[in-house]
Amino acid sequence: MKPLLSLAVTFFIFSFTAFPQWTEIGNLSGLAPYPRICVVDSNIVWAAGGHGTSPKVYRTVDGGLHWVSIPTTGLPCWLMAIAAKDSSTAFVADGGAATFGGNAKLFKTTNAGLNWTIIDSTGGTAGFYNDIQFSKSNPDFGIATSDPANGGGEPYTLNKTTDGGVTWEKTNPPGVPNSYGYYYTAYAIDPQFYGFGCYNISTDKLTSYTTSDGGNTWYLGDLSVSILGADIVFNDDKQHGIMVGYEWPNIMVTSNGGFNWVTVNTGTDINGFATASWVSNTSVVFVCAYLSSTNKRIIRSDDNGLTWQQQDAPVLPIQEMDNIRYDDAIYAYAISNNGRILKSIQSITVVPVELTSFTA
């Protein structure tokens, strides 16, 4: 009889899903054309949007099994941003008067929409709140960003909080000639490092506009991307970031806090409007997009945006995604432009497992 031979083989498996899948978990009405989504924890997720005469806000507290419509009495109809802290406290902001802005407002509720109060209004004829973002690693810090209240080139409106949204300070980053802010593009790491996308109406390009000293000074990134749906996100290390736009399959990456950006080819077939979401305290970042020749409309990078892998996403087109991290688990949610919700639970790391098999 032949002796048994031992063959040790090392496999790599994901702690949660070996082949990440996105599953549709909801279909929320009235959020088009620019729905927003905010993930508070693995179970609490808020969404907002609406245009015309009916603002819409929704919330789930059980991971998407059930969604409830949140009262919106007193809110304007052009909701362009949402951020939330728990199941009761949320912030929304509008685009001002119609599409072109004017006296845009930032609102807060602490009782799940039973009452909404105004935190601030931009005044002027061009105020337009583009985004509200709280830091994932420093959750008491957040910003809400608006276009210049008095038109391109004038100072911006930026509200910031360091106590989780209890109080807000209104600041005015210096204006940039021919430039406005751009929706979806705010990033907030800590009270020193934050910023937003700066859109030049002459070149039709977007670049980063960043402070690394708490707003005392601001700097523009050296390169830019075509817009028509763009986003800028940063790693918590405040050095690595990505900028996505309408130049597929290329994106921009930075490794020095947004001073310099270089082009990276994602090697994927996604296209159209795109937004991004970074996983806190990791080198993992996602991008979701409108279009793909297959169902693979979400891509993931595990090395700060240098290389990418596509993932199946059954909903088209995808407007935005957000995530929360718990240890090695990523709870990610995405929303389509017509309010369909996707969910995925993924692993941050690949765990080597050594298995031993025997053959005679």
Side-chain angles (χ1 to χ4, degrees), residues 31-36 48-57 72-83 90-109 116-133 142-161 165 167-188 194-211 215 218 220 224 226-232 245 273:
L31 292 175
Y34 300 112
R36 303 300 304 267
H51 185 43
T53 60
S54 181
K56 294 290 186 180
V57 178
T72 57
T73 302
L75 292 181
C77 58
W78 187 252
L79 295 183
M80 292 301 299
I82 186 168
F91 308 86
V92 297
D94 76 326
T99 304
F100 299 102
N103 197 27
K105 297 177 178 64
L106 175 64
F107 297 86
K108 174 182 180 178
T109 182
W116 292 92
T117 58
I118 295 178
I119 295 172
D120 189 36
S121 56
T122 63
T125 59
F128 189 112
Y129 272 102
N130 296 297
D131 208 358
I132 310 169
Q133 290 291 333
I143 64 172
T145 61
S146 169
D147 290 355
N150 296 308
E154 296 298 311
Y156 291 91
T157 296
L158 186 148
N159 299 87
K160 61 181 181 179
T161 178
T167 61
W168 293 78
E169 176 190 1
K170 186 173 185 174
T171 68
N172 298 105
V176 178
N178 301 313
S179 294
Y180 291 82
Y182 201 72
Y183 45 80
Y184 294 84
T185 61
Y187 41 95
Y194 52 93
F196 54 92
C198 185
Y199 163 55
N200 188 302
I201 60 175
S202 297
T203 63
D204 204 30
K205 294 282 189 175
L206 177 84
T207 192
S208 56
Y209 195 36
T210 308
T211 181
W218 289 80
L220 289 169
S224 57
S226 297
I227 59 161
L228 293 175
D231 202 359
I232 304 169
F273 188 104

Note to self: Looking at every heavy atom in both Ile143 and Ala186, which two are closest together, and how far apart are they?
What the structure shows: CD1-CB, 4.0 Å

Notebook entry, point to check: Is any side-chain heavy atom of Ser224 less than 4.5 Å from a side-chain heavy atom of Thr203?
Noted result: no

Note to self: Using the ring-ring contact (aromatic ring centres under 6.0 Å, His included) criterion, which residues pair with Phe91? Sequence neighbours excluded.
What the structure shows: Phe134, Trp168

Margin query: Rounded to the nearest 0.5 Å, what separates atom CD1 in Ile232 from atom OG1 in Thr207?
Written below: 6.5 Å

Check: Between Arg36 and Met80, is there a donor-acceptor pair closer than 3.5 Å when you use the side chain of the first and the backbone of the second?
Finding: yes

Note to self: Please give me the minimum heavy-atom distance between Trp116 and Thr73, naming the atom from each residue.
What the structure shows: CD1-O, 3.8 Å

Check: Minimum heavy-atom separation for Gly181 to Asp147, with atom names?
Finding: N-OD1, 3.1 Å

Next item on the list: Supply the atom-to-atom distance Thr167 OG1 to Asn159 CG, rounded to the nearest 0.5 angstrom.
Entry: 11.0 Å

Checklist line | Thr185 side-chain N/O to Asp231 backbone N/O, donor-acceptor pair under 3.5 Å | finding: no

Item checked: Contact list for residues 172-184, test salt bridge (Lys or Arg N to Asp or Glu O under 4.0 Å), sequence neighbours left out -> none

Margin query: Applying side chain to side chain contact (heavy atoms under 4.5 Å, CB included), can you list everything that pairs with Asp94, at least two apart in sequence or on another chain?
Written below: Pro76, Ala104, Lys105

Item checked: Pairwise side-chain contact, Asn130 with Tyr180, heavy-atom cut-off 4.5 Å (strictly under) -> no

Notebook entry, point to check: How many angstroms lie between atom CZ of Phe128 and atom CG of Asn103, to the nearest 0.5 angstrom?
Noted result: 13.5 Å

Notebook entry, point to check: Closest approach of Thr122 and Gly127, non-hydrogen atoms and distance?
Noted result: OG1-CA, 3.3 Å

Notebook entry, point to check: Lys170 side chain to Asp120 main-chain N or O, any donor-acceptor pair under 3.5 Å?
Noted result: no

Next item on the list: Could you grab the distance from atom CD1 of Ile118 to atom CG of Leu106, nearest 0.5 Å is fine?
Entry: 9.5 Å

Next item on the list: Might you point out which heavy atoms bring Ser208 and Tyr187 nearest each other, and give the distance in Å?
Entry: CB-OH, 3.4 Å

Checklist line | Minimal non-hydrogen separation, Thr72 against Pro55, with atom names | finding: OG1-O, 3.4 Å

Checklist line | With Phe196, the ring pair (Phe, Tyr, Trp, His ring centres under 6.0 Å) member among Tyr156, Tyr184, Tyr129 | finding: Tyr156

Item checked: Interatomic spacing from OG in Ser146 to CD1 in Ile132 - rounded to 0.5 Å -> 11.0 Å

Checklist line | Donor-acceptor pair, side chain of Thr145 and main chain of Leu158, under 3.5 angstrom | finding: no

Margin query: Between Tyr194 and Thr211, is there a side-chain heavy-atom distance shorter than 4.5 Å?
Written below: yes

Margin query: For Tyr209 and Trp218, take the angle between the two ring planes, folded into 0 to 90°, and tell me which bin it lands in: parallel under 30, tilted 30 to 60, perpendicular over 60.
Written below: tilted

